[in-house]
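First the structure, in the form of C-alpha cells, and then the observations on it.
Just so it is clear, the structure is predicted and the values come from calculations on it, not from any experiment. Heads up: numbering here begins at 1 and tracks the sequence. For ligands, and for the atoms within them, numbers begin at 1 and follow the listed sequence. Hydrogens, waters and symmetry mates are skipped; everything else that's a heavy atom, side chains included, is used.
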Amino acid sequence: MSGHDPGRPTRAEINLDNLCHNLESVKSFIKKPVAIMAVVKADGYGHGAAACALRLETAGIDWFGVALPEEGAELRRAGITRPILCLGGFWEGQEKFILENDLTPVIFQAEKAKLLDRAALELKRRARAHIKIDTGMGRVGVRYDDIENFAGQIKRLENIDFEGIMTHFAAADCFEEQKFTHLQIERFKEAFAFFESEGFHFLYKDLANSPASLAYPEAHANLIRLGGILYGLGSDVLPVWVDKPPLKPVMALYSEVSLLKWIRKGETLGYSRTFRAPRDSLIASVPIGYEDGYRRAFSNRGRVIVKGKFAPVVGRISMDWTLVDVTDIAGVKTGDKVILMGSEDDLRITAEELAEWAGTISYEITCGINKRVRRVYVESK
Ligand SMILES: *Cc1c(COP(=O)(O)O)cnc(C)c1O
C-alpha cells in the first residue's frame with residue numbers, strides 16, 4: 001500500500017483551484033460588474049466552509065452567506081474578514097453573538113429586529129441587517145403584501161442599519177415557471193420602492209441564486225448569491241434553456257480496495273441477500289457506507305471507477321462498507337484506488353449522477369458527505 005496518512009483511506013478531495021476557476025468562469029459569463037456573495041452554508045455544501053471561504057476571500061469575493069450565525073462565527077474564527085450574511089436570520093438569545101462576531105442577519109420579523117436593536121444599544125455598537133421579502137417562495141421572509149406593517153414597526157429602530165433588501169426565487173431553474181419568476185421580480189421591485197419611499201436606503205439589493213444568475217440578468221441588481229455553481233454543481237438544477245459557463249467539479253470522493261475475495265456462482269452478498277452472483281465473482285470491500293453519505297439508495301445501482309474501468313456496486317450498501325464487483329478489472333489488488341465520485345481518463349462519475357441514483361439533487365449528495373470523511377485540500381498555488 002502506498003504512502004498515505006494512517007487511518008481509513010476514504011477521503012473527499014477538495015480542489016480549491018477549481019473553486020476559483022468556477023468563480024472566474026461565472027464572472028466572465030455575466031460580464032457586467034456585480035458584487036458576489038459566496039454561499040458557504042452547510043459547511044460549504046460539504047466542501048469545508050472555512051477552507052473554501054479563505055480561498056475565495058483571497059480571490060476577492062465581496063460577501064459570504066451562511067445559514068446559521070454559528071456558521072458565520074466559524075468563518076470569523078478561521079480569519080474571514082469580509083461581511084457575512086446569515087440567510088436564516090437568528091434565534092432569540094443570539095443577538096449579542098451576532099454583534100460580537102460582526103455578522104449581518106436577515107430580518108423578517110419585527111420582534112427580532114427589536115431584540116437586535118436593544119442588544120446593539122447595550123453593547124454600544126451599530127447592528128447591520130438585511131430585510132428578507134417573501135415574494136413567492138413561501139418560506140422565511142416578510143410577505144410582499146405585508147410589508148407596510150413590518151416597515152412601520154422597524155422604522156424607528158435607531159441602532160440598526162437596514163443596509164440590504166433581498167428575496168429568494170422558488171423556481172429560477174424551471175423553464176415552465178418563467179412567468180412566476182418574473183412575478184417575483186415585480187413583487188420585489190414594488191417592495192423595494194415602498195421601503196425607499198418610507199425612508200430606507202439600501203446599499204445591497206439581491207435576488208439571484210445560481211440558476212437566476214444565469215437565466216435572469218434582470219435579477220442581478222447589485223449583488224448575486226452563488227452557492228452550487230461555485231462548487232461546480234448543479235447541471236441538474238441550472239436552467240437548461242440558457243448557455244452556461246464552463247464549470248469544474250470541486251469535490252471528488254476516493255477510497256481504496258481494502259479486501260478482495262472470490263465468491264462462487266449462486267452465492268449472495270450483504271444484508272437481505274439482495275445480490276446473487278451470476279458467475280464466480282471477485283468482490284472488493286470498500287470502506288465507505290451510508291454513514292459517510294454514500295447513500296444506501298446506491299445499492300445494486302451505483303458504480304465506481306477502479307483502474308480506469310467502471311465496476312458496479314453489488315448488494316446493499318451498509319453503514320461502513322460497500323461491495324464492488326471487480327471480476328472484470330485485470331490485475332486488481334488491495335490498496336488500489338477506488339473513485340466513488342470523480343474522473344479518470346475519459347471516465348467520470350459526477351455528483352449529479354450519484355443524485356440520480358438516489359432520486360435527489362447534487363447539492364444533497366455533497367452536503368451529505370459526512371464529517372467522518374476526511375477532507376483533503378488540493379491547490380496548485
Ligand atoms: C442557499 C441559498 C442560495 C444559494 O443557492 P444556489 O442555488 O446554491 O446558488 C442563495 N440564496 C439563499 C437565500 C439561499 O438560501
Hey, looking at atom 2 (C) of ligand 1, which of M37, R225, K41, K132 has the closest heavy atom?
-> K41
Distance filter under 4.0 Å to Y363 heavy atoms, resulting ligand 1 atoms | 6 (P), 7 (O), 8 (O)
Are any of the N/O atoms in I229 less than 3.5 Å from those in ligand 1?
-> no
F90 six-ring centre to K112 NZ/CZ under 6.0 Å and within 45° of normal = yes
Is L87 in polar range of ligand 1, meaning some N or O pair under 3.5 Å apart?
-> no
Minimum side-chain heavy-atom gap N149-R143 below 4.5 Å | no
Under 4.0 Å from a heavy atom of Y45: give me the atoms of ligand 1 that qualify, with their elements.
-> 1 (C), 4 (C), 5 (O), 6 (P), 8 (O)
From V338, N370, T322, residue fulfilling side-chain contact (heavy atoms from CB on, under 4.5 Å) relative to I288 | T322
Aromatic ring proximity Y294/Y290, centre distance under 6.0 Å | no
Side chain, backbone, both or neither: which part of A67 has a heavy atom under 4.0 Å from ligand 1?
-> neither
Exactly one of Q184, E190, R187, K189 clears side chain to side chain donor-acceptor pair (under 3.5 Å) with T135, and that residue is Q184
Note the single closest protein heavy atom to atom 9 (O) of ligand 1, along with its residue, its atom name and the distance in Å.
-> S210 OG, 2.4 Å
K307/D328 ion pair, N-O < 4.0 Å | no
Region of H168 that comes within reach of ligand 1 [heavy atoms, distance under 4.0 Å] | side chain
For P211 and ligand 1, answer yes if some heavy atom of the residue is under 4.0 Å from a ligand atom, otherwise no.
-> yes
Give me the one residue out of F200, F195, F202, W63 that meets ring pair (Phe, Tyr, Trp, His ring centres under 6.0 Å) with H130.
-> W63
Side-chain heavy-atom pair V306, E344 within 4.5 angstrom cut-off = no
Hey, which atoms in ligand 1 end up nearer than 4.0 Å to a heavy atom of G228?
-> 6 (P), 8 (O), 9 (O)
State if R139 counts as touching ligand 1 under the rule of any non-hydrogen atom under 4.0 Å.
-> yes
